[in-house]
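Remarks on the structure that follows.
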2 protein chains.
Amino acid sequence: MKIGELAQQSGLTPSRIRFYERIGLLKTVERRPNGYRTYPQQAVMILGLITTAQRAGFTLDEIRTLLPSDLTHWDHAALMEALARKIADIEALQARLAQSRAHLLRLIEDIQERPDDMDCAANAHRVLTNMLADQSEALDVTSGDIRLLDTKDRRQSVSPGHRKKTASR
Amino acid sequence: MKIGELAQQSGLTPSRIRFYERIGLLKTVERRPNGYRTYPQQAVMILGLITTAQRAGFTLDEIRTLLPSDLTHWDHAALMEALARKIADIEALQARLAQSRAHLLRLIEDIQERPDDMDCAANAHRVLTNMLADQSEALDVTSGDIRLLDTKDRRQSVSPGHRKKTASR
DNA sequence: CTTGACCTTGAAGTTAGCTTCAAGGTTAGG
DNA sequence: CCTAACCTTGAAGCTAACTTCAAGGTCAAG
């Protein structure tokens with residue numbers, strides 16, 4: 001199958017597929033005499049696997065080191081270890097998020113609990129001082145990093161990029 | 001106070017402080033006749049506020065629109081709205097994280113529950129198929145974005161960058 | 001009057017994960 | 001044969017939040 005068809009079937013853009021090839025993530029590709037890329041059916045599954053892993057919080061780098069060239073020959077040990085580590089990362093992040101959320105809730109309360117005899121300016125100072133004091137206490141929660149965000153419109157739904165009438169710009 | 005002292009007191013690097021000025025985030029700065037920047041004591045608090053807000057998940061852009069030039073004159077309504085929105089963002093992300101975590105746990109179980117009569121290759125295929133099926137079901141959890149990650153070593157603890165003996169490179 | 005720590009500037013580099021662009025080759029249909 | 005839709009490449013651009021670099025000015029101590 002050519003790259004356009006693979007793009008359709010996987011829901012990714014051709015540029016993204018070429019990018020994955022360039023960084024050594026997608027290796028199941030050959031060339032026709034005319035230079036066109038050609039992919040086996042399996043490539044659809046590999047791309048699905050990649051995007052699923054991404055959504056679970058794996059970086060492309062991590063995915064590359066885990067993905068075997070043959071989908072039936074995984075490094076079982078490395079895979080399980082990576083999964084466990086990723087879960088731990090997520091849990092660390094969850095802890096951080098819970099902290100941030102609690103922090104913000106406390107802040108809202110603190111702002112609203114202005115003593116009747118205090119003007120806004122003084123209240124602002126009171127809240128600020130509290131907040132900066134809070135902060136200096138919590139300097140220990142270092143967590144492993146994970147990128148699980150920016151989850152907006154990564155997927156092309158109706159395959160845009162057809163250079164026909166789309167003509168935006 | 002000069003920029004080096006502010007850097008010490010705030011725990012940020014001078015370059016970062018200059019950067020904040022450049023993007024219009026830190027405005028309380030004047031110049032001495034020799035061109036050196038000079039800051040009021042208040043600048044320490046402003047920088048503390050900025051990093052605290054960052055750790056709560058606010059982007060510098062958001063912080064800039066919320067930060068008043070005078071720390072005692074906040075846009076109360078905008079601030080409360082932003083705090084509420086940020087909490088909602090965090091909660092959306094928490095939901096996503098819980099999903100990802102559950103997904104990974106299910107995956108681990110699924111891998112380990114290989115039927116005795118199945119070889120690794122066939123098991124790999126079974127697990128893969130399950131996973132990609134799972135994924136197509138959950139296509140609705142679109143969340144607002146938030147950047148709350150990469151929380152490793154943003155702070156200079158012992159003020160590196162003194163061009164004395166540090167001499168790395 | 002020299003040394004070294006500090007300060008200045010603008011420009012470019014970093015990371016991740018792509019997209020976009022420019023300039024061109026290929027192919028199927030009419 | 002022409003056109004439109006596809007394909008190719010390498011290079012550059014994008015975002016966020018900084019850092020690093022190069023080239024130079026300032027200042028206090030010895």
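Hydrogens, waters and symmetry mates are skipped; everything else that's a heavy atom, side chains included, is used. So you know, we letter chains A, B, ... as the sequences are listed, proteins then strands, and number each from 1.
Separating the CE atom of B:Met1 from the C1' atom of C:dC6 is a distance of 16 Å, rounded to the nearest angstrom. The CG-P distance, from A:Leu25 to C:dA16, rounds to 14 Å in whole Å. Distance B:Glu21 CD to D:dT19 C1': 17 Å, rounded to the nearest Å. B:Arg64 has its CZ atom 14 Å from the C1' atom of D:dC18, to the nearest Å. Following rounding to the nearest Å, B:Arg18 (CZ) and C:dC7 (C1') show an atom-to-atom distance of 7 Å. Nucleotide C:dT8 holds its C1' atom 18 Å from the CZ atom of B:Phe19, rounded to whole Å. When the P atom of C:dC18 is taken as reference, atom CD1 of A:Ile3 falls 14 Å away, rounded to whole Å. Going from atom CG of B:Leu47 over to atom P of D:dC18 covers 11 Å, rounded to whole Å.
A sub-4.0 Å separation between OP1 or OP2 of C:dC18 and a side-chain N or O of A:Gln54 is present. In terms of phosphate contacts, A:Thr13 brings a side-chain nitrogen or oxygen within less than 4.0 Å of OP1 or OP2 of C:dT19. Close to D:dG25, at under 4.0 Å from its OP1 or OP2, lies no side-chain N or O of B:Tyr36. Look at A:Asn34 and you'll find a side-chain N or O under 4.0 angstrom from OP1 or OP2 of C:dT27. Phosphate contact (OP1/OP2 of D:dC6, side-chain N/O of A:Gln8, threshold under 4.0 Å): absent. In terms of phosphate contacts, B:Arg16 brings no side-chain nitrogen or oxygen within less than 4.0 Å of OP1 or OP2 of D:dA17. Side-chain nitrogen and oxygen atoms of B:Arg32 include none within less than 4.0 Å of the OP1 or OP2 phosphate oxygen of D:dC27.
Judged by distance alone, the side chain of B:Lys2 and the main-chain N or O of B:Tyr36 form no donor-acceptor pair under 3.5 Å.
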Q) A:Leu60 and A:Tyr20: side chain to side chain contact (heavy atoms under 4.5 Å, CB included), yes or no, with the steps? A) CA-CA 9 Å; A:Leu60 296 186; A:Tyr20 284 170; 3.6 Å; yes
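Shown here for A:Arg126 and A:Met118, the closest heavy-atom pair between the two residues is NE-SD, 3.8 Å.
Nucleic acid contact for B:Ile23: none, since no nucleic acid atom lies under 4.0 Å from a heavy atom of the residue.
Considering only heavy atoms from C-beta on, B:Ile46 comes within 4.5 Å of B:Ile50 through its side chain. Proximity of B:His125 to A:Thr72: side-chain heavy atoms (C-beta onward) are nowhere separated by under 4.5 Å.
If you find the closest nucleotide of DNA chain D to A:Arg37 and to B:Ser15, the one lying nearer the 5' end belongs to A:Arg37. Along DNA chain C, the nucleotide closest to B:Gly35 and the one closest to A:Ile17 are compared, and the more 5′ of them pairs with B:Gly35. Map B:Arg31 and A:Asp61 each onto its nearest nucleotide of DNA chain C; the residue landing nearer the 5' end is B:Arg31.
Closest to the B:Arg22 side chain, of the nucleotides C:dT8, D:dC7, D:dC18, is D:dC18.
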